[in-house]
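For reference, the structure is listed below as structure tokens.
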Amino acid sequence: MSLWIKTNRLIKILFPNYVWSIPNDEKKVYLTFDDGPTPEITEWVLEQLKNYNAEATFFCIGDNCRKYPEIFQKVISENHSIGNHTFNHLKGWETSTEDYINNAKLYEAEHYKLSTENCKLFRPPYGKIKRSQAKKLREMGYKIIMWDIISYDFDENISKEKCLENVLKNIESGSIIVFHDSKKAWQNLKYVLPKTLEFLKEKGFTCEKID
């Protein structure tokens with residue numbers, strides 16, 4: 001599902017039980033960050049968001065929450081949303097449904113050790129999830145959050161300028177945009193995120209978290 005920078009409309013039609021965007025007429029967009037918390041990088045992201053009074057949603061890896069609980073709690077304390085990205089960043093297509101759900105539950109257990117905040121947003125790592133896995137997660141009360149735009153900040157073969165173009169050329173009201181607060185994405189993210197936030201401010205967009 002990561003074949004397009006802007007998710008193809010046919011994909012959204014074929015998979016209507018997933019949230020691809022949040023349409024609105026109020027120039028609201030939804031920045032999301034996958035794979036953290038990561039020392040220094042996640043904290044830098046939080047500082048950038050604060051500078052622009054922007055809210056975001058962080059899809060966290062459970063094992064990273066275990067390693068860096070203070071950063072996880074800082075994300076929550078600064079009024080951002082948290083989502084489940086499995087405990088070990090599993091690829092759903094290569095994992096049995098039972099193992100996948102158990103791994104998501106491991107994330108839940110870690111989450112609730114650290115916070116009383118509700119945990120009912122889920123993003124599948126790599127965007128790859130079986131229908132059976134998604135069905136089970138929805139039965140557990142999760143919304144499956146996908147995306148409208150993927151920045152490809154994690155791709156070390158694209159330039160920071162191309163990464164920025166991926167985002168700015170495709171933004172519209174309701175867009176869910178994927179970044180990564182990870183070491184792999186850092187070289188692109190540190191260039192792209194401030195410029196994206198500045199662009200959104202200039203164009204009158206507001207950045208909201210997903211509930």
Original post:
Do you see a donor-acceptor pair shorter than 3.5 Å between the side chains of Lys135 and Asn17?
Top reply: no
Original post:
Once you round to the nearest 0.5 Å, how far does CH2 of Trp93 lie from OH of Tyr126?
Top reply: 12.5 Å
Subject >> hydrophobic_cluster_shared for Leu14 and Trp20, side chain cutoff 4.5 Å >> reply: yes
**OP:** Check whether any side-chain heavy atom of Asp34 lies under 4.5 Å from a side-chain heavy atom of Phe154, and answer yes or no.
**Re:** no
Original post:
Rounded to the nearest 0.5 Å, how far does OG1 of Thr196 lie from CD of Gln48?
Top reply: 11.0 Å
Subject >> side chain to side chain contact (heavy atoms under 4.5 Å, CB included) between Leu189 and His180, intermediate numbers included >> reply: CA-CA 8 Å; Leu189 183 68; His180 295 76; over 6 Å; no
Subject >> Other residues, nucleotides, ligands: >12 heavy atoms within 6.0 Å of Lys6 NZ >> reply: yes
Original post:
Sub-3.5 Å donor-acceptor pair from the side chain of Asn64 to the main-chain atoms of Asp35, do we have one?
Top reply: yes
Subject >> Verdict with reasoning, Tyr100 to Leu137, per side chain to side chain contact (heavy atoms under 4.5 Å, CB included) >> reply: CA-CA 10 Å; Tyr100 195 79; Leu137 287 163; 4.2 Å; yes
Original post:
Between His89 and His85, how do the two ring planes meet: parallel, tilted or perpendicular, split at 30° and 60°?
Top reply: perpendicular
**OP:** Report the distance from atom CD of Glu165 to atom CG of Leu168, rounding to the nearest 0.5 Å.
**Re:** 8.5 Å
Subject >> Check: Ile210 main-chain N/O paired with Thr57 side-chain donor or acceptor under 3.5 Å >> reply: yes
Subject >> Backbone N/O of Lys120 and side chain of Asn118: donor-acceptor pair under 3.5 Å >> reply: no
Subject >> In one Ile/Leu/Val/Met/Phe/Trp/Tyr side-chain cluster, 4.5 Å: Val75, Trp44 >> reply: yes
Original post:
Which pair of non-hydrogen atoms, one from Val167 and one from Ser151, has the smallest distance, and what is that distance?
Top reply: CG2-CB, 3.6 Å
**OP:** Taking Asn103 for its side chain and Phe87 for its backbone only, find out whether a donor-acceptor pair lies under 3.5 Å.
**Re:** yes
Original post:
Should Tyr107 and Ile71 be counted in the same cluster of Ile, Leu, Val, Met, Phe, Trp and Tyr side chains packed under 4.5 Å apart?
Top reply: no
Original post:
Counting distance only, does the side-chain N/O of Lys160 pair as donor-acceptor with the main-chain N or O of Tyr191 below 3.5 Å?
Top reply: no
Original post:
Do the side chain of Tyr112 and the main chain of Cys119 share a donor and acceptor less than 3.5 angstrom apart?
Top reply: yes
Original post:
Under 4.5 Å between side-chain heavy atoms, hopping through other hydrophobics if needed: is there a path connecting Ile13 to Ile22?
Top reply: no
**OP:** Check the surroundings of atom CD in Glu40: do more than 12 heavy atoms from other residues, nucleotides or ligands lie under 6.0 Å from it?
**Re:** no
Original post:
What pair of heavy atoms forms the shortest contact from Gln73 to Leu114, and how long is it?
Top reply: NE2-O, 3.1 Å
**OP:** Any chance you could lay out the side chain to side chain contact (heavy atoms under 4.5 Å, CB included) test for Phe58 and Thr42, step after step, and finish with the verdict?
**Re:** CA-CA 9 Å; Phe58 290 76; Thr42 302; 4.2 Å; yes
Original post:
What pair of heavy atoms forms the shortest contact from Thr95 to Lys91, and how long is it?
Top reply: OG1-O, 2.8 Å
Original post:
Would a distance-only check, ignoring hydrogens and angles, find a side-chain to backbone donor-acceptor pair under 3.5 Å from Trp147 to Gly127?
Top reply: no
Original post:
For the atom pair SG (Cys207) and NZ (Lys201), what is the distance rounded to the nearest 0.5 Å?
Top reply: 11.5 Å
Original post:
Is atom CD of Glu78 surrounded by more than 12 heavy atoms (other residues, nucleotides or ligands) closer than 6.0 Å?
Top reply: yes
**OP:** Please report the closest heavy-atom contact between Pro125 and Thr86, naming both atoms and the distance.
**Re:** CG-OG1, 3.7 Å
Original post:
In this structure, are over 12 heavy atoms from other groups packed under 6.0 Å from Arg138 atom CZ?
Top reply: yes
Subject >> Phe72 versus Cys65, closest heavy-atom pair with distance >> reply: CD1-SG, 3.4 Å
Subject >> Lys183 atom NZ, neighbour heavy-atom count above 12 within 6.0 Å >> reply: no
Original post:
Quick one: does His111's side chain get under 4.5 Å of Ile82's, heavy atoms only?
Top reply: yes
**OP:** Find out whether Arg123 and Thr32 are in side-chain contact, i.e. whether some heavy atom of one side chain is under 4.5 Å from a heavy atom of the other.
**Re:** yes
Original post:
Counting only heavy atoms not in Lys12, do more than 12 fall under 6.0 Å of its NZ?
Top reply: yes
**OP:** Please determine, by modelled atom types, if Glu108 and Tyr142 share a side-chain donor-acceptor pair under 3.5 angstrom.
**Re:** yes
Subject >> Parallel, tilted or perpendicular: ring planes of Phe33 versus Phe179, cut at 30 and 60 degrees >> reply: parallel
Original post:
Is it true that atom NZ of Lys209 has more than 12 heavy atoms of other residues, nucleotides or ligands lying nearer than 6.0 Å?
Top reply: yes
**OP:** Indicate the atoms forming the closest heavy-atom contact of Asn88 with Asp63, along with that distance.
**Re:** ND2-CB, 4.5 Å
Subject >> Interatomic spacing from CD in Glu198 to CG in Asn51 - rounded to 0.5 Å >> reply: 10.5 Å
Original post:
Would you say the side chain of Ile129 lies within less than 4.5 Å of the side chain of Phe122, judging by non-hydrogen atoms?
Top reply: yes
Subject >> Minimum side-chain heavy-atom gap Met146-Ile176 below 4.5 Å >> reply: no
Original post:
Just by modelled atom types, is the Asp181 backbone N or O under 3.5 Å from a matching donor or acceptor in the Thr38 side chain?
Top reply: yes
Original post:
Any side-chain heavy atom of Leu197 sitting closer than 4.5 Å to one from Leu31?
Top reply: yes
Original post:
When rounded to the nearest 0.5 angstrom, what is the spacing between NZ in Lys130 and OG in Ser96?
Top reply: 6.5 Å
Original post:
Is there side-chain contact between Lys105 and Met140, with heavy atoms separated by less than 4.5 Å?
Top reply: yes
Original post:
Linking I/L/V/M/F/W/Y whenever any side-chain heavy atoms sit under 4.5 Å apart, do Ile61 and Tyr68 land together?
Top reply: no
**OP:** Apply the test side chain to side chain contact (heavy atoms under 4.5 Å, CB included) to residues Asp148 and Val29: give CA-CA distance (whole Å), side-chain angles for both, the deciding distance (0.1 Å), then the verdict.
**Re:** CA-CA 10 Å; Asp148 179 47; Val29 297; over 6 Å; no
**OP:** Flag the pair Val192 / Asp153 as yes when at least one side-chain heavy-atom distance between them is below 4.5 Å, and no otherwise.
**Re:** no
Original post:
For the side chain of Lys136 and the backbone of Glu98, is there at least one donor-acceptor N/O pair under 3.5 Å apart?
Top reply: no
**OP:** Give a yes or no on whether the backbone of Lys203 and the side-chain of Lys27 come within a donor-acceptor separation of less than 3.5 Å.
**Re:** yes
